[in-house]
Amino acid sequence: MAFLMFLLLAIFVIIAYFSGKKDLLSPWFLLCLMLFATFTIVLCNYTNWEVKINGLFVLYVVTAIIAFGLGGLLVRSLSPARSANKQTARLSVNDANVQRRYPVYILLIVSVGFAAIYIYKLLSDVSGAGSFSDKLRTIYQNIVYNDYTPGFLFNQMREVITAIAYVNTFRLMIRLFSGKNKDSMSITALLIPIVVFVAMVLVTSDRNIFIRYAFYFICLYVLFFRENCKKRNVNLRIIQKVVILGIILLLIFFLLGKLKQYSSGLTRVIGIYGGSGLYDFNLWIKDFKGPFLNGNATFTALLGSLKTIFGYVGIDLDVQTLNRFDAFIEYKSANGYIYSSNIYSAMKPFVEDFGYFGVILFPFIIGAFYQWLFNKMKKRKYGFGWVVYSMRIYPVLFFPIAEQLFGRFTLGFVYELFWLSVLYFAIFGKKKRRSVARQSAKVTGVLNEG
């Protein structure tokens, strides 16, 4: 059964690749690719985990894949075909904000200043915890088990630091691919807030923030590289570069865990974080009997946010939310390998809410949403759509591991998107509109002359 599942996933990857017109960032292709990759990790642990795949698991995963694809197909079928005239007003990378003065040093000062205050706050709250590594571990335990938060103001500092890192990465891509103004000082000034962001992630102990940024970085890099590579076999070149970037980012992720006193080796980390979510769903689904939670599992983050918002105005919203950390699945194989993980596939809350219907409904909605976002992103090169799509692609890539779309319906996400939008449009907005207007005028002139 395990190898049958592997074959089915490989077939879906091929179908999705050609269905998405060989676009490596097509959402259905990314979903199939990540499911295939994570299941490959499961097979690599075949002996240690004593892998046994049940038919119910195969049915639910295949249903989710098909539902996701049908959601995207519906959006594509409803999207009007663009005429040739509408496609002409496109920007080159040299038009995309290169001439506008970028406030690189202002952002650097704000990022470093906010990070220093935020990190000092977190460390001072665990001042008696011992060594630096002990402090990081204590911060992690306080956040996970004691609902620790440094407070609203400090949380906003964290979101501003994150937004600056995202905007600086976008600007860095423009600088690298434009071939202009590559002076070392400005490149360094762009990189420092990104390094500061990674340092903040280390202290917060939340490596998921870094994973989301890693996906953002890779997705944005692929978009820029594809638009500026004039050679043949573009996809092959992209894959080669993404593999190198992925290895580097994986090593950073691994080292961040080591600094928090995680004892797992690299291969075990890859197995647990990369493959256990999908295999845990396989173990869990065969014993699940209900009762159904009717939306509370999928929307527990949204309900928690609404409860907080209403609490600000003195209204006690009587809703019960679930713990965002599921109970561990623990297993010891015959060869002595100990398996322990609390990471589940995105399908778990869908099934908890509505059973089999849940893996039809929610993947369909997600597939439709991301296809719509993908279509919007493709309408304009080097625009805000690139930033948003790259920033929001991680729920699709996380799908085999954990539910991250509905599970991130939190106030933190609202703040994150707000600060990113404010920074982007304050820096790029007016210039982008003028650039588009000039480009459109040029195109119109050429068409009139023709």
Side-chain angles (χ1 to χ4, degrees), residues 108-166 192-214 249-266 268-269 272-273 300-301 304-305 307-308 311-312 321-328 330 340-343 394 398 401-402 404 407-408 410-416 419:
L108 187 154
I109 292 171
V110 172
S111 179
V112 172
F114 278 9
I117 296 171
Y118 183 80
I119 291 172
Y120 175 79
K121 169 62 176 174
L122 263 61
L123 293 177
S124 65
D125 285 349
V126 292
S127 57
S131 67
F132 180 69
S133 182
D134 292 334
K135 287 182 172 64
L136 297 184
R137 187 65 185 176
T138 303
I139 291 172
Y140 170 76
Q141 291 175 337
N142 285 341
I143 292 173
V144 173
Y145 301 111
N146 302 322
D147 294 325
Y148 165 81
T149 175
F152 177 80
L153 182 61
F154 293 99
N155 286 337
Q156 296 310 303
M157 289 183 181
R158 181 191 64 202
E159 300 303 344
V160 170
I161 295 165
T162 303
I164 290 174
Y166 276 54
I192 289 175
I194 298 173
V195 174
V196 166
F197 162 77
V198 175
M200 181 202 71
V201 170
L202 167 64
V203 177
T204 60
S205 75
D206 189 349
R207 290 187 295 173
N208 283 332
I209 298 176
F210 175 76
I211 296 177
R212 293 196 293 269
Y213 172 77
L249 294 169
L250 174 62
L251 290 175
I252 295 174
F253 176 81
F254 174 70
L255 292 174
L256 289 174
K258 282 296 184 183
L259 290 170
K260 291 196 299 180
Q261 301 179 351
Y262 284 178
S263 59
S264 299
L266 181 59
R268 184 179 176 86
V269 167
I272 295 298
Y273 281 89
T300 190
S305 296
K307 189 172 184 177
T308 300
Y312 288 149
T321 57
L322 304 179
N323 192 323
R324 65 190 181 100
F325 295 101
D326 289 299
F328 276 65
E330 297 186 355
S340 180
S341 171
N342 68 334
I343 304 173
Y394 68 85
F398 260 99
I401 302 170
Q404 290 282 289
R408 288 278 296 160
T410 63
L411 290 176
F413 166 68
V414 175
Y415 301 144
E416 180 181 289
W419 286 113

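One is the number of the first residue; the rest follow in order along the sequence.
- Using a 30° and 60° split on the angle between ring planes, Tyr213 and Phe210 fall in the tilted class, from 30° to 60°.
- Annotation for Ile164 and Pro193: closest pair CG2-CB, 3.8 Å, computed over non-hydrogen atoms.
- With sequence neighbours excluded, the residues that form a side-chain hydrogen bond (donor to acceptor under 3.5 Å, both in side chains) with Asn155 are Thr149.
- Residues satisfying the salt bridge (charged side-chain N to carboxylate O under 4.0 Å, His left out) criterion with Glu416, sequence neighbours excluded, are Arg408.
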Hey, can you pull the donor-acceptor pairs under 3.5 Å for the side chains in residues 110-123, sequence neighbours left out?
{"residue": "Lys121", "atom": "NZ", "partner": "Asp125", "partner atom": "OD2", "Å": "3.4"}

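- A 4.5 Å side-chain heavy-atom check between Thr162 and Trp419 finds every atom pair outside the cut-off.
- By the 4.5 Å heavy-atom criterion applied to side chains, Ile211 and Tyr273 are not counted as neighbours.
- Residues Ala165 and Ile194 come closest through the heavy atom pair O-CG1, 4.0 Å.
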TODO: Take Tyr415 and Phe152 through the test ring pair (Phe, Tyr, Trp, His ring centres under 6.0 Å) and record every step on the way to the result.
DONE: CA-CA 11 Å; Tyr415 301 144; Phe152 177 80; 5.7 Å; yes
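- Once rounded to the nearest 0.5 Å, the distance linking CD1 of Ile109 with CD1 of Ile192 reads 10.5 Å.
- The minimum heavy-atom distance linking Met200 with Ile161 is given by the pair SD-CD1, 3.8 Å.
- To the nearest 0.5 Å, atom CG of residue Leu255 and atom CG of residue Leu266 are 9.0 Å apart.
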